[in-house]
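The structure under discussion appears below in the form of structure tokens.
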Number of protein chains: 2
Amino acid sequence: MNVPPKTVFYTIERTIKSYRKFSNRNFSRVVDDITVDQKLILQYLNSSPELSQTEIAELVFKDTASITRMIDLMVKKDFLKRSINTEDRRKFKLEITAKGKDILSRLEPVIAANRKTAFAGISEEELIQLDRTLQKILSNIT
Amino acid sequence: MNVPPKTVFYTIERTIKSYRKFSNRNFSRVVDDITVDQKLILQYLNSSPELSQTEIAELVFKDTASITRMIDLMVKKDFLKRSINTEDRRKFKLEITAKGKDILSRLEPVIAANRKTAFAGISEEELIQLDRTLQKILSNIT
DNA sequence: CTTATATATTTGATATATCAATTATATTTG
DNA sequence: CAAATATAATTGATATATCAAATATATAAG
């Protein structure tokens, strides 16, 4: 017997983990060696190039230590270039490399296709409702 | 402008991460040094004492390598006892220690209170709908 | 200006996640 | 039965998560 109040978080967890795996699998068909989170960082930097590492950390719900290490790796893989920010020498300037931009453009259609597959047979209204319920939960616990 | 089809996974991720933090915070008021996942393993073993490590891994959506290490730790912390399973010598018998049982009993009310807080103002019907939508997404991607 | 405080990032320690390879034991098949 | 295959768990390598402490720079307060 499944009682949603007792199992909803279980289902949420399962959904997000499955989606991560699903996305990673599809990404790896098009691009080598990039994770969902690295792609997300590229996307954020692409639309807001002035983001600091701390701001990125907030956006992706990780702490700054994780971001430091992820960006180290992304620099090593030549997705990003890190240089000193002369405005505020505590920060860095993060730039997407040509390789990073290429990857991003090749991933865009995959991202769209992933969503389409995931939401097949689910109406816009139903997604709005899903979002609304999750927002309620969020505001209850934060 | 927030378009749920593009942001729902973001919200799902945020919700589950916040709930994890919220739970961990509340657990640590009652018990020292236990994580949400370790608690979950204790709960599963409590209701199904014959579970193998592989079965536990499936239940908590982790791989067997993670479970090996988590259980190592839980044995070290005296939450669990690991002994050879004479029926099938590839497996182990996992038993909850007295300390583990005590922890579990002290956490039960916290778990119930966590859910109550998280779901305040959300009807049973709404939770069922949430669950239903997530199940649809799951079946689309697996 | 100088001290105190705040902010941005890094580093170290420890836990967890994931993949691939390995070991030990069980089961199947020829 | 012996060889092949399958299953359970471990180990090693690498990435990530999290906390606390450290470092560097900026800003505020006296």
Side-chain angles (χ1 to χ4, degrees), chain A residues 13-14 16-25 27-28 32-42 45 50-77 79-94, chain B residues 13-14 16-25 27-28 32-42 45 50-77 79-94:
Chain A
E13 179 107 29
R14 196 144 84 87
I16 200 70
K17 286 206 179 179
S18 297
Y19 188 66
R20 252 164 202 283
K21 278 190 190 162
F22 170 76
S23 294
N24 274 325
R25 215 160 41 231
F27 284 3
S28 69
D32 237 33
D33 215 27
I34 190 164
T35 67
V36 171
D37 287 311
Q38 290 173 1
K39 178 232 71 180
L40 199 55
I41 291 176
L42 285 183
L45 279 171
E50 77 303 332
L51 288 174
S52 69
Q53 297 189 184
T54 304
E55 288 164 332
I56 291 171
E58 279 161 19
L59 286 167
V60 298
F61 318 122
K62 299 179 195 298
D63 90 344
T64 57
S66 296
I67 296 299
T68 291
R69 282 155 186 146
M70 288 177 73
I71 289 187
D72 283 349
L73 251 183
M74 292 174 77
V75 168
K76 204 178 295 173
K77 289 194 206 165
F79 298 164
L80 288 181
K81 182 167 170 281
R82 179 153 46 182
S83 53
I84 286 172
N85 184 332
T86 45
E87 308 283 301
D88 181 339
R89 300 173 52 79
R90 293 169 303 181
K91 298 184 184 178
F92 290 111
K93 200 164 49 177
L94 297 169
Chain B
E13 178 107 29
R14 196 145 83 87
I16 200 70
K17 286 206 180 178
S18 297
Y19 188 66
R20 250 164 204 286
K21 279 191 190 161
F22 171 75
S23 295
N24 274 326
R25 214 160 41 232
F27 284 3
S28 69
D32 237 32
D33 215 26
I34 190 164
T35 66
V36 171
D37 288 311
Q38 289 173 1
K39 179 232 72 181
L40 200 54
I41 292 176
L42 286 183
L45 280 171
E50 77 302 334
L51 287 174
S52 69
Q53 296 188 185
T54 304
E55 289 164 332
I56 291 171
E58 279 161 20
L59 286 168
V60 299
F61 318 121
K62 299 179 196 298
D63 89 345
T64 58
S66 297
I67 296 300
T68 292
R69 284 155 185 145
M70 287 177 73
I71 289 187
D72 284 349
L73 250 183
M74 291 175 77
V75 167
K76 205 178 295 173
K77 289 194 206 165
F79 297 165
L80 288 180
K81 182 166 169 280
R82 180 153 46 181
S83 53
I84 286 172
N85 183 331
T86 45
E87 308 282 302
D88 183 339
R89 299 172 54 79
R90 292 169 303 182
K91 299 184 184 178
F92 289 113
K93 200 164 49 179
L94 297 170

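Because the structure is predicted, anything quoted here is derived from the model rather than measured. Here is the naming used below: chain letters follow the sequence lines, and residue numbers restart at 1 for every chain. Values below: every heavy atom of this structure, side chains too, minus hydrogens, waters and symmetry copies.
A/Arg20 comes within 4.0 angstrom of no nucleic acid atom, judged by non-hydrogen atoms across all strands.
Other residues, nucleotides and ligands place more than 12 heavy atoms under 6.0 Å from the NZ atom of A/Lys17. Within a 6.0 Å sphere centred on CZ of B/Arg82, other residues, nucleotides and ligands contribute more than 12 heavy atoms.
Computed from coordinates, the B/Glu55 CD to D/dA8 P distance equals 7 Å when rounded to whole Å. Between the CZ atom of A/Phe92 and the P atom of C/dT7 there is a distance of 19 Å, rounded to whole Å. One can place CD of B/Glu87 at 14 Å from C1' of C/dT25, the figure rounded to the nearest angstrom. Summarising the geometry, the separation between CD1 on A/Ile16 and C1' on C/dA17 is reported as 16 Å, rounded to the nearest angstrom. Atom CD1 in A/Ile34 sits roughly 20 Å away from atom P in D/dT14 (whole-Å rounding).
The CZ atom of A/Phe27 lies 7.0 Å from the CG atom of A/Asn24; values are rounded to the nearest 0.5 Å. Separation of atoms CZ (B/Arg25) and OG (B/Ser18) is listed at 8.5 Å; rounding is to 0.5 Å.
Within the 4.5 Å cutoff, the side chain of A/Thr64 has no heavy atoms near those of the A/Gln53 side chain. Side-chain contact between B/Leu59 and B/Leu40: absent, with no pair of heavy atoms (C-beta onward) separated by less than 4.5 Å. A/Met70 is not listed as a side-chain neighbour of A/Val60, based on a closest heavy-atom distance of 4.5 Å or more.
Checked by distance alone, A/Arg90 brings a side-chain donor or acceptor within 3.5 Å of a matching partner on the base of C/dT7. Applying the 3.5 Å distance criterion, the base of D/dT18 shares a donor-acceptor pair with the side chain of A/Arg69.
Closest to the side chain of B/Gln38, from the set D/dA8, C/dT16, C/dT18, is C/dT16. Of the candidates C/dA8, D/dT10, C/dT11, C/dT11 carries the atom nearest the A/Thr68 side chain, counting heavy atoms from C-beta on. The nucleotide whose nearest atom lies closest to any side-chain atom of B/Asp88 is, among C/dT18, C/dT9, C/dT25, C/dT25. Which of C/dT16, C/dT10, D/dT18 sits closest to the side chain of B/Leu73 comes down to C/dT16.
Contact between the side-chain N/O atoms of B/Gln53 and the OP1/OP2 oxygens of D/dT10 is found at a separation under 4.0 Å. Contact annotation: A/Arg89 side-chain N/O to C/dT7 OP1/OP2 distance is not under 4.0 Å. Proximity of A/Arg25 to the phosphate of C/dC19: no side-chain N or O atom is located under 4.0 Å from OP1 or OP2.
Each of A/Thr86 and A/Met70 lies near DNA chain D, and the nucleotide nearest A/Met70 is the one positioned closer to the 5' end. Between A/Asp72 and A/Lys91, it is A/Lys91 whose nearest contact on DNA chain C lies nearer the 5' terminus. The nearest heavy atom of DNA chain D to A/Ile67 and to B/Ile67 marks one nucleotide each, and the one closer to the 5' end goes with B/Ile67.
Checked against B/Leu94 for a side chain to side chain contact (heavy atoms under 4.5 Å, CB included), the options B/Asn85, B/Ile56, B/Leu42, B/Leu51 give a single hit: B/Ile56.
Ion pair B/Glu13/A/Arg20 flagged as a salt bridge, since at least one NZ, NE, NH1 or NH2 atom sits closer than 4.0 Å to an Asp/Glu carboxylate oxygen.
When every heavy atom of B/Lys62 is checked against every heavy atom of B/Asp37, the shortest pair comes out as NZ-OD2, 3.1 Å.
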DNA chain C base-pair string [pairs: Watson-Crick or G-U under 3.5 Å; |: paired with another strand]: ||||||||||||||||||||||||||||||

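Residues from residues 57-66 of chain B that place a heavy atom under 4.0 Å from any atom of DNA chain C, listed by number: B/Lys62, B/Asp63, B/Ala65, B/Ser66.
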